[in-house]
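Remarks on the structure that follows.
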Amino acid sequence: MAISDQTIKTERLILRPFEKSDLDGVLSYYSLPDVQRYLDWKARDKSEAKAAFESMRKQTRLTRPGEVLTLAIVRKSDGKVMGHVSLRYTDSTAAQGEIRFAIGPLFRNKGYASEAVKAVVTLGFEEFRLHRVYARTAGQNEASARLLKRLGMRLEAHYREHALFQGEWDEELHFAVLDREWSRGAKVHEITRHKVA
Amino acid sequence: MSQSQPLPIPAAVLYVPRYPIETARLRLRPFNRGDVDAVYSYRSRPDVAEYLFDEPMNHEECAEAVRARTTQVAFSGEGDKILLAVERRDDSRLIGEVSLIWRSVADRQAEIGYIFHPDVHGRGYATEAACGLLAFAFADAGMHRVYARCDARNTASFRVMQRLGMRQEAHFREHAHFKGRWDEERIFAILDREWGGAQRCDGFVTITKI
Ligand SMILES: CC(C)(COP(=O)(O)OP(=O)(O)OC[C@H]1O[C@@H](n2cnc3c(N)ncnc32)[C@H](O)[C@@H]1OP(=O)(O)O)[C@@H](O)C(=O)NCCC(=O)NCCS
Ligand SMILES: CC(C)(COP(=O)(O)OP(=O)(O)OC[C@H]1O[C@@H](n2cnc3c(N)ncnc32)[C@H](O)[C@@H]1OP(=O)(O)O)[C@@H](O)C(=O)NCCC(=O)NCCS
């Protein structure tokens, strides 16, 4: 699993590690309240978002539990950075991974997140030999719940009032899919990777 | 069994049950050193340990566990455990144990658990004892939500949760390894307002819904 640089091409997207020049694209959505929940580094303003971006840029390997691979979601047609997908390696003995994602408001409802998440879950199973990939989302995040269900993930948990989130009782959904259940679809994604010694 | 020595309660205790917690047929009380044989009689059994994280315990391990439990009697902070011996009121036999773990102070969350000697299964004792501990969790310790976890195949365990009025919130599949195979886990939970107070803790718990 010593893969340090991943580039995936799908029908309309290029998924690749963040580059320095992606900063403005990321700033356009990173600090939004509906995105913040799903990020490792909170950011209330531009300078915090910048620092967070620098940290995300370093998330390029998935060799040890706790590590995260973060890929920018770039539109093929015009090279715009629209969002990102992250895959966290949460457990090595049980080969588990958690997926998180965000798309800027300008680019929503066009199927981009679905396309990106599908590719990265497939990557998790094929390249990183995960056994199960799961996603956690807020109970009221219907867009995300519909997306995960549409991709064939199963609702495994619905916690009610399990924690306070910004002063309110929170609900959390867990979706999951096992390697043998995952439908890769007819389309085989073109995967280029660069192994490091 | 009477409590001859004062309980080893640290100074900064926030919540301590009024011992013993009494239910219709049972008494929940702190462990003491005389409990080792009774604990060994069920914790040594493979059938009891089948779905537990712990393997069957030998006598020495039981003695060690009992020693640790004698101090697990109150909540003073996150992660604290209350581990109580359950004895029958009529013959004072120690028949099992119940536990409550303070999982989150800020979010007022706790986890409940129970283990009973197979000799006394099928009589509602586990439900009754857990009811007594839930009453403490909600009414005295001010918890907002109490949850319980079990192996998905441990039907006897989640039937206790259902009898207590807990709802299934999760069924994880192959999310971890457990004793050499894929684990499936269920989580059940109940909120303070759903509990609403048990009118009476017997095997057939009657919960007031508000
Ligand atoms: C949740 C989120 C990622 C969805 O992104 P998105 O790109 O709008 O998602 P998609 O476009 O793939 O799917 C959204 C809708 O567009 C529809 N759609 C439109 N054109 C489509 C196309 N060409 N192909 C597929 N779907 C298309 C989908 O059917 C879907 O409809 P539905 O919600 O009624 O089922 C986005 O709202 C977001 O970033 N939210 C904040 C962060 C977040 O919640 N992340 C999830 C954490 S796990
Ligand atoms: C989990 C465990 C405590 C459940 O024990 P249990 O005896 O099934 O549970 P209860 O004491 O609540 O008894 C309920 C049963 O007694 C019956 N019963 C008989 N008299 C009763 C009475 N007066 N009141 C209530 N129920 C009564 C109920 O109908 C029920 O039987 P059913 O499940 O066949 O319908 C027990 O199986 C055990 O110790 N297992 C090993 C340890 C373990 O796995 N613990 C849980 C870890 S998550």
Side-chain angles (χ1 to χ4, degrees), chain A residues 37 42 65-66 87-100 121 124-125 128-140 145 148-149 151-183, chain B residues 53 78-79 100-112 134 137-138 141-153 158 161-162 164-196 209-210:
Chain A
R37 180 186 174 115
K42 308 301 166 209
L87 183 65
R88 177 186 300 275
Y89 189 24
T90 57
D91 181 340
S92 63
T93 42
Q96 309 277 309
E98 178 181 3
I99 191 154
R100 296 204 281 188
V121 173
F125 289 133
F128 298 116
R129 297 274 158 234
L130 293 175
H131 179 69
R132 176 175 173 272
V133 174
Y134 67 95
R136 292 182 296 161
T137 172
Q140 69 274 16
L148 294 163
K149 240 181 275 177
L151 290 181
M153 294 177 84
R154 171 177 46 238
L155 180 64
E156 290 197 340
H158 186 162
Y159 294 137
R160 288 171 213 271
E161 307 188 15
H162 64 115
L164 287 163
F165 182 70
Q166 295 170 350
E168 310 241 0
W169 286 115
D170 192 50
E171 291 198 24
E172 188 174 272
L173 310 177
H174 289 224
F175 287 87
V177 64
L178 302 175
D179 183 20
R180 65 174 179 277
E181 298 167 333
W182 179 245
S183 131
Chain B
F53 288 111
E78 197 154 292
L100 191 70
I101 307 174
W102 201 0
R103 289 295 186 194
S104 165
V105 169
D107 305 325
R108 292 186 279 133
Q109 308 278 316
E111 178 176 354
I112 195 165
L134 276 181
F138 288 124
M143 293 299 151
H144 179 69
R145 175 174 170 272
V146 177
Y147 65 92
R149 301 186 286 171
C150 72
D151 189 292
R153 297 159 300 170
F158 68 75
M161 302 173 197
Q162 288 168 333
L164 289 166
M166 302 175 91
R167 292 169 284 98
Q168 180 167 312
E169 289 196 339
H171 184 165
F172 295 119
R173 289 173 171 83
E174 306 189 13
H175 66 127
H177 269 307
F178 180 67
K179 295 184 175 175
R181 54 173 157 173
W182 287 115
D183 189 41
E184 277 196 39
E185 184 179 76
R186 292 178 204 261
I187 298 178
F188 279 67
I190 184 167
L191 300 173
D192 51 1
R193 64 173 177 277
E194 294 172 326
W195 170 251
K209 293 264 180 193
I210 27 178

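All of these numbers come straight from a predicted model, not from anything done at the bench. Chain identifiers are assigned alphabetically (A, B, ...) following the order of the sequence lines, protein sequences preceding nucleic acid strands; residue numbering begins at 1 within each chain.
With a 4.5 angstrom heavy-atom cutoff, A176(A) does not touch chain B via any of its atoms. Of the two parts of A189(B), neither the backbone nor the side chain holds a non-hydrogen atom closer than 4.5 Å to a non-hydrogen atom of chain A. At a 4.5 Å heavy-atom cutoff, the contact between R160(A) and chain B is made by backbone and side-chain atoms alike.
Here the closest heavy-atom approach between residue E174(B) and residue H131(A) is recorded as OE1-NE2, 2.5 Å. The nearest pair of heavy atoms linking A176(B) to A94(A) is CA-CB, 3.6 Å. For the residue pair L164(A) and D107(B), the shortest heavy atom distance occurs at N-OD1, 3.0 Å.
Remark: aromatic rings of H174(A) and F172(B) are close, center separation under 6.0 Å.
Most heavy-atom pairs under 4.5 Å with chain A: of the set R103(B), R167(B), H144(B), this distinction falls to H144(B).
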side-chain contact (heavy atoms from CB on, under 4.5 Å) for R154(A) and R173(B)? Distances and angles first, verdict last. CA-CA 10 Å; R154(A) 171 177 46 238; R173(B) 289 173 171 83; 3.6 Å; yes
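With respect to E161(A), the side-chain contact (heavy atoms from CB on, under 4.5 Å) criterion is satisfied by exactly one of R193(B), Q109(B), E194(B): R193(B).
Summarising the geometry, atom NE2 belonging to H175(B) is positioned 9.5 Å from atom CG belonging to D91(A); distances are rounded to the nearest 0.5 Å.
A heavy-atom distance below 4.5 Å is not found between the side chains of R145(B) and W169(A).
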